[in-house]
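Since this is a predicted model, take the numbers as computed values, not measurements.
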Amino acid sequence: MDRFSRLCLWGAMACAFLSLALLSFDVFPWYEVPFMPPRPMYPLACAGMLLFLLSGRWYGHMREHRGLLSLWAALLGCSVLSTWLGLQEVPSGIAPAVWLGLARWFIVPFCFLLWWAVMFSCLPSPCGKRLFQAALLVLGLSNLAHIVLEILANHGAEGIKDLLVSINPWFRMERIGHGWWPPPYFTDRVRGLFAEPSHMAFGLLPVLGLLLAKCAGNRLWLLGVAGWGIVMWQSKVLTGAVAFMLTCLMAGIPWYLAAWRRYGRRVLALSCVLLVLAGAGGWTLLQPKFERFGAVEQETDSILRFLEDSHAGLSPRCPELQGALEQNGSLGIRYACTRLDMAAGLSRVLGTGFYLRGFYWQPLDACSLERGSELRGFAQQAKGDKLRRVPPLNEYSVLLAEFGAPGLLLFLGLCGMLLWRSVRFAARNRDWYVYAMACAFLGMLGAFISTGLMNALVFTFFAGYLYAISGERPGAAPVTGGAQAPRQVRG
């Protein structure tokens with residue numbers, strides 16, 4: 001490898017490190033690139049991709065990644081075709097903005113996935129592992145410091161609260177189209193250096209995976225895992241709670257299987273008892289919410305009937321909402337928006353196209369939607385935007401709405417391939433490090449039920465890294481230090 005190629009590779013590695021380490025920040029600190037999101041990690045990642053292409057290290061290795069390339073190309077092709085078809089049904093003047101949005105928030109991020117997958121596959125295993133862990137160390141410690149200050153401020157430290165509010169504009173863009181969000185300070189919640197608590201939960205999932213990986217060498221790291229979960233509970237984040245539960249359940253499978261092989265029927269009996277107790281306790285706690293949620297379902301059905309009749313050319317009456325969406329908080333509005341996305345996606349084979357699912361909501365412009373909670377705000381926001389954008393609250397329903405069932409199935413196929421590949425590699429090589437990262441990846445897939453890819457670009461970095469570490473590389477040095485799966489201790 002000549003000097004130029006080596007320098008380009010080092011530059012690409014530095015960009016990969018910085019794009020992950022600076023993941024929290026929402027404002028590019030030096031200048032804003034007109035065609036890029038105002039996030040420092042985005043232009044850094046683009047620069048890293050370019051440098052890696054210039055290094056030439058990928059040449060001659062792409063045949064090894066045929067499966068990944070096929071799914072990647074099919075998903076991006078489906079997104080382009082869906083958007084092109086969707087643009088035929090909307091005003092032609094918005095096409096440039098739609099294509100720019102598709103490139104910004106979908107095509108380029110999935111190029112990040114391919115870049116990380118190929119680059120880390122080319123690096124020796126210890127080198128890639130050190131680079132990734134160093135970036136997570138910066139990301140985790142910087143957010144931990146801010147979280148500790150937030151917790152102190154939440155418990156009455158006014159001086160610390162004033163400090164957090166004063167430094168907020170240095171790393172967070174607050175002004176948006178219809179007001180100020182996020183607020184300079186979240187009362188009684190924590191969000192780290194991220195814009196919102198849900199963004200923090202998703203962005204710090206790789207840190208949770210690293211903490212789990214460290215547990216194989218020292219069980220004291222379980223305190224860090226517990227601390228991650230406590231922070232998510234304290235900040236009242238559904239995204240973090242779902243991700244933490246799925247990650248820990250998958251991480252416990254090896255121990256459960258080891259106990260099953262050793263104790264057999266006793267483990268089965270204990271499992272049945274625990275499942276019955278958990279089911280009974282869950283039903284007791286959630287039954288009142290389920291009873292109240294019936295009203296949410298009825299109001300959502302009325303909205304869907306209105307939209308379906310409107311798109312069929314009828315003249316239905318606007319739905320009369322009785323406040324059920326208001327009374328059930330964010331869960332009710334998420335349920336309603338998910339149902340609306342599903343209806344939009346099922347109305348066409350390839351969906352509405354990127355950015356265009358808000359046009360399915362267009363008949364709601366004629367309705368006041370009194371007592372409609374945030375749904376009313378979302379409809380008004382779409383009405384005032386030429387692209388009619390509405391917030392992405394569930395990535396799976398968004399994919400179904402924008403790219404139809406084929407786009408959703410391709411995305412699930414890509415994620416399923418990555419998860420199966422990593423678990424199979426971890427089981428074959430007894431590699432606890434890879435398995436821990438697969439557990440965190442499953443947590444990401446669970447977290448997508450309450451957030452969108454637009455606010456979780458770390459998914460593409462992490463997916464590419466998981467692909468790289470779970471591949472057989474004859475020339476790469478073996479991973480050592482905490483990589484072995486935990487073994488059952490006898491006696």
Side-chain angles (χ1 to χ4, degrees), residues 62 64-79 81-82 106-107 109-118 120-121 202 205-206 208-209 212 239 242-254 257 338 341-342 345-346 349-351 392 394-429 431-454 456-472:
M62 299 307 292
E64 306 167 11
H65 312 296
R66 286 192 298 265
L68 176 65
L69 278 170
S70 300
L71 287 170
W72 176 84
L75 180 59
L76 296 193
C78 180
S79 70
L81 179 59
S82 298
F106 197 81
I107 294 178
F110 273 90
C111 290
F112 294 161
L113 187 155
L114 193 62
W115 163 47
W116 273 57
V118 178
F120 278 91
S121 295
F202 203 105
L205 274 170
L208 177 61
L212 280 172
T239 307
V242 171
F244 184 75
M245 179 186 67
L246 288 176
T247 302
C248 291
L249 283 176
M250 182 173 172
I253 290 177
L257 293 178
T338 298
D341 286 343
M342 293 173 64
L346 296 175
V349 176
L350 289 177
N394 181 321
E395 181 59 23
Y396 301 112
S397 66
V398 168
L399 286 169
L400 177 61
E402 295 182 340
F403 306 142
L408 176 60
L409 291 175
L410 285 170
F411 177 77
L412 293 176
L414 176 62
C415 295
M417 181 273 290
L418 292 172
L419 192 61
W420 171 253
R421 171 188 169 97
S422 56
V423 171
R424 184 181 62 177
F425 178 89
R428 183 181 298 168
N429 296 277
D431 194 324
W432 175 250
Y433 177 81
V434 173
Y435 187 75
M437 294 300 160
C439 294
F441 184 73
L442 179 65
M444 284 187 172
L445 298 183
F448 269 141
I449 67 169
S450 59
T451 191
L453 180 63
M454 191 178 295
L457 294 182
V458 67
F459 168 81
T460 57
F461 296 155
F462 193 61
Y465 178 72
L466 182 65
Y467 174 88
I469 62 175
S470 58
E472 301 287 352

Student: At what distance, to the nearest 0.5 angstrom, does CE of Met444 lie from SG of Cys439?
Tutor: 13.0 Å

Student: Hey, are the side chains of Phe403 and Leu410 touching, using non-hydrogen atoms and a 4.5 Å cut-off?
Tutor: no

Student: Taking the six-membered ring where the residue is Trp, are the ring centres of Phe459 and Phe448 under 6.0 Å apart?
Tutor: yes

Student: Output yes when a side-chain donor or acceptor of Ser82 lies under 3.5 Å from a complementary backbone atom of Leu350, and no otherwise.
Tutor: yes

Student: Among Tyr435, Tyr465, Phe425, which residue satisfies the side chain to side chain contact (heavy atoms under 4.5 Å, CB included) criterion with Ser470?
Tutor: Phe425

Student: Roughly how far, to the nearest 0.5 Å, is the CZ atom of Phe441 from the CZ atom of Phe462?
Tutor: 8.0 Å

Student: Restricting to side-chain contact (heavy atoms from CB on, under 4.5 Å), what partner residues turn up for Ser450, sequence neighbours left out?
Tutor: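 For Ser450, the residues satisfying side-chain contact (heavy atoms from CB on, under 4.5 Å) (neighbours in sequence not counted) are Leu238, Thr239, Arg334.
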
Student: Measure across Ala251 and Pro254 and return the closest heavy-atom pair with its distance rounded to 0.1 Å.
Tutor: O-CD, 3.2 Å

Student: Between the side chain of Trp116 and the main-chain N/O of Ala468, is any donor-acceptor distance below 3.5 Å?
Tutor: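 Absent.
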
Student: Write down the atom of Ala447, the atom of Ala243, and the distance for their closest heavy-atom approach.
Tutor: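 For Ala447 versus Ala243, the nearest heavy atoms are CB-CB, 4.2 Å.
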
Student: What residues, two or more places apart in sequence or in another chain, satisfy salt bridge (Lys or Arg N to Asp or Glu O under 4.0 Å) together with Arg424?
Tutor: none

Student: Taking atom CD of Glu395 and atom CG of Leu453, what is their separation to the nearest 0.5 Å?
Tutor: 5.0 Å

Student: Any side-chain heavy atom of Met250 within less than 4.5 Å of one from Val423?
Tutor: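 With C-beta onward as the side chain, the pair touches.
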
Student: With a 4.5 Å heavy-atom cut-off, do Leu68 and Leu114 have their side chains touching?
Tutor: yes

Student: List the atom pairs, with distances to 0.1 Å, where a side-chain N or O of residues 412-419 and a protein N or O form a donor-acceptor pair under 3.5 Å, not counting sequence neighbours.
Tutor:
none

Student: For a quick test of reading the model, state the closest non-hydrogen atom pair linking Gly446 to Val242 and the distance between them.
Tutor: O-CG1, 3.7 Å

Student: CG of Leu205 to CZ of Phe244: how many Å apart, nearest 0.5 Å?
Tutor: 10.5 Å

Student: Under a 4.5 Å cut-off applied to non-hydrogen side-chain atoms, are Phe411 and Phe110 in contact?
Tutor: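 Yes, their side chains come closer than 4.5 Å.
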
Student: Do Tyr467 and Phe120 make the cut of ring centroids closer than 6.0 angstrom?
Tutor: no

Student: Starting at CG of Leu408, measure out to CD of Glu402 and round the result to the nearest 0.5 Å.
Tutor: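 Rounded to the nearest 0.5 Å, the CG-CD separation comes to 11.5 Å.
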
Student: Show, in sequence, the C-alpha distance, side-chain angles and deciding distance for Asp341 and Asn394, and conclude whether the side-chain contact (heavy atoms from CB on, under 4.5 Å) test is met.
Tutor: CA-CA 9 Å; Asp341 286 343; Asn394 181 321; 5.5 Å; no

Student: So do Phe106 and Leu76 actually touch side chain to side chain, heavy atoms under 4.5 Å?
Tutor: yes

Student: Where is the tightest heavy-atom contact between Val349 and Pro406, given as atom of each residue plus distance?
Tutor: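 Scanning both residues, the minimum pair turns out to be O-CD, 3.4 Å.
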
Student: How many angstroms lie between atom NE2 of His65 and atom CH2 of Trp72, to the nearest 0.5 angstrom?
Tutor: 13.0 Å

